[in-house]
Structure formats: C-alpha cells, structure tokens
Amino acid sequence: MPDELPASDGVHYQALLQLLRTSEAIWSASRQFFEPWGLTPAQFNLLNLLSETGDGLTQSDLSRELLTHRSNITGLVDRLEARGLVQRREQSGDRRAWRVVLTPDGRRQMHTLLPAYYRAAARLWDGISEQRAAKAADVLRAIAANAEAGAARVAEGSR
C-alpha cells in the first residue's frame, strides 16, 4: 500500500533513538554545567584541547580535532580571546598561520574547572562498570565509523 511507511529496523532503530536522546541529555547537562564559568560546551572543548598542548594549536588543527568547520573555530577563538582566555600567536616561519594558546587566565580557569568537570563526568558512569564502559566505547566507535562511511557514500552520490 503506497500510503504505508516502511517498518523500522526494531532494535537498531530504538538503539539509535536512545543514542540521540543520550547525546542530547549530555549536551543539555553540559550547557548547564559550564554556565557558572560563562562557557559553552564548545568553548570548553577548545580550552581543554589547548590545555593538553604546551605550544598551542593552529585553527586548522582545532577544527580537525573538534570536528567542526574552521569558520566556527574563528568565532570561538574570537570570543575566548576577548575574555582573555586564549591568544593568537604568529607561527614561526608562516606569517599567515596563527597558533592559539591558553593565556595564564585561561590556564587558571581550566585549573579550577577541570576537577569539577572530571567529577561530573565520572558521575555519568555511576553504576556502570569499567568493563561495560569500555564495551560502550567500542560500540560507539563502530557506530561513528559506520556514520562516517555513510556520509562519504552520500557525498559520492550513492546511498
């Protein structure tokens, strides 16, 4: 019958819906968590990446690591730079490229924020063993790989 929609794939479809609900719940909780620091989750992710490097990262590196378009990184860096948490430094040997680094204020903010973040992140796993968490990470990596492969097929014009 032409008016009927195809049936879902049952368990896989329900798991995908739950994954999307979980992702949205975590994102919403993250927005609330970072609010007292005046940060968005995306700004925190950028600061966190920079806190793991001594000499900073280029905006292209940040874009690649954060899986977002470079133009979005420019806005994030602009806002964090205006607050004095990051600064752009010329990259030696290339006057067109900039490295983004944490300022001393940015390091201080991350120093106070990270312990609270790690505690909050650990609470997400309450009641879930390390073994189950490791299995979940494996499954999520496989789903991400399948999603990336599907996106590549769509970009190539095939489904």
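In this text the structure is predicted, and so the values were computed from the model without any measurement. Start at 1 with the first residue, then count along the sequence. The figures here come from the full heavy-atom set of this structure, side chains too, leaving out hydrogens, waters and symmetry mates.
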- Item | Step-by-step side-chain contact (heavy atoms from CB on, under 4.5 Å) determination, Val100 to Gln87 | CA-CA 6 Å; Val100 180; Gln87 76 180 122; over 6 Å; no
- Message: Evaluate Arg108 against Asp105 for salt bridge (Lys or Arg N to Asp or Glu O under 4.0 Å), listing each step before the verdict.
- Response: CA-CA 5 Å; Arg108 277 190 289 281; Asp105 284 348; 2.2 Å; yes
- Message: Run Arg88 and Gln59 through side-chain hydrogen bond (donor to acceptor under 3.5 Å, both in side chains) and show every step you take.
- Response: CA-CA 9 Å; Arg88 291 175 172 98; Gln59 289 188 196; 3.0 Å; yes
- Message: Please determine whether side-chain contact (heavy atoms from CB on, under 4.5 Å) holds for the pair Ser60 and Arg70, giving the CA-CA distance in whole Å, both sets of side-chain angles, and the decisive distance to 0.1 Å.
- Response: CA-CA 6 Å; Ser60 293; Arg70 194 164 172 256; 3.5 Å; yes
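More than 12 heavy atoms of other residues, nucleotides or ligands sit less than 6.0 Å from atom CZ of Phe33. Other residues, nucleotides and ligands contribute over 12 non-hydrogen atoms within 6.0 Å of the CD atom of Glu52. Counting non-hydrogen atoms of other residues, nucleotides and ligands closer than 6.0 Å to CD of Gln131 gives a total of 12 or fewer.
Taking CG from Leu49 and CZ from Arg64, the interatomic distance works out to 11.5 Å, rounded to the nearest 0.5 Å. To the nearest 0.5 Å, the span separating CG on Asp78 from CD1 on Ile73 amounts to 11.0 Å. Between the CG atom in Leu46 and the CG atom in Leu62 there is a gap of 4.5 Å [rounded to 0.5 Å]. To the nearest 0.5 Å, atom OG1 of residue Thr68 and atom CG of residue Leu76 are 7.5 Å apart.
No side-chain heavy atom of Leu16 sits less than 4.5 Å from a side-chain heavy atom of Ile143. Put simply, the side chain of Thr40 reaches to within 4.5 Å of the side chain of Gln43, judged on heavy atoms. Taking 4.5 Å as the limit, every side-chain heavy atom of Asp61 sits out of range of all side-chain heavy atoms of Thr53. The side-chain heavy atoms of Leu39 and Arg83, taken from C-beta on, include a pair separated by under 4.5 Å. Here the side chains of Leu50 and Leu102 are in contact, with some heavy-atom distance below 4.5 Å. Annotation: side chain of His111 is not in contact with side chain of Arg107 (no heavy-atom distance under 4.5 Å). At a threshold of 4.5 Å between non-hydrogen side-chain atoms, the residues Leu47 and Leu80 count as touching.
The main-chain N or O of Pro41 is never found under 3.5 Å from a side-chain atom of Ser30 such that the two would form a donor-acceptor pair. Proximity of a side-chain donor or acceptor of Thr58 to a complementary backbone N or O of Arg99 within less than 3.5 Å is not detected.
Salt bridge absent: Lys135 and Asp138 never bring a charged side-chain N and a carboxylate O closer than 4.0 Å.
Residue Met110 comes nearest to Pro115 through the heavy atom pair O-CD, 4.3 Å, listed as atom of the first residue, atom of the second, then distance. Residues Gly56 and Val101 come closest through the heavy atom pair CA-CG1, 3.6 Å. Heavy-atom minimum distance, Trp27 versus Ala42: CH2-N, 4.1 Å. The two atoms that bring Gly127 and Arg132 nearest to each other are O-NH1, 4.4 Å, heavy atoms only. Across all non-hydrogen atoms, the minimal contact from Leu114 to Ser51 is CD1-OG, 4.4 Å.
Below 30°, between 30° and 60°, or above 60°: for Tyr117 and Phe34 the angle between ring planes is below 30°, a parallel geometry.
No continuous path of ILVMFWY side-chain contacts below 4.5 Å connects Trp98 to Val77, so the two sit in separate hydrophobic clusters. In terms of hydrophobic clustering, with Ile, Leu, Val, Met, Phe, Trp and Tyr side chains grouped at heavy-atom distances under 4.5 Å, Ile128 and Leu124 are assigned to a common cluster.
Among pairs with a residue in residues 17-44, those fulfilling salt bridge (Lys or Arg N to Asp or Glu O under 4.0 Å) read Glu24-Arg31, at least two apart in sequence or across chains.
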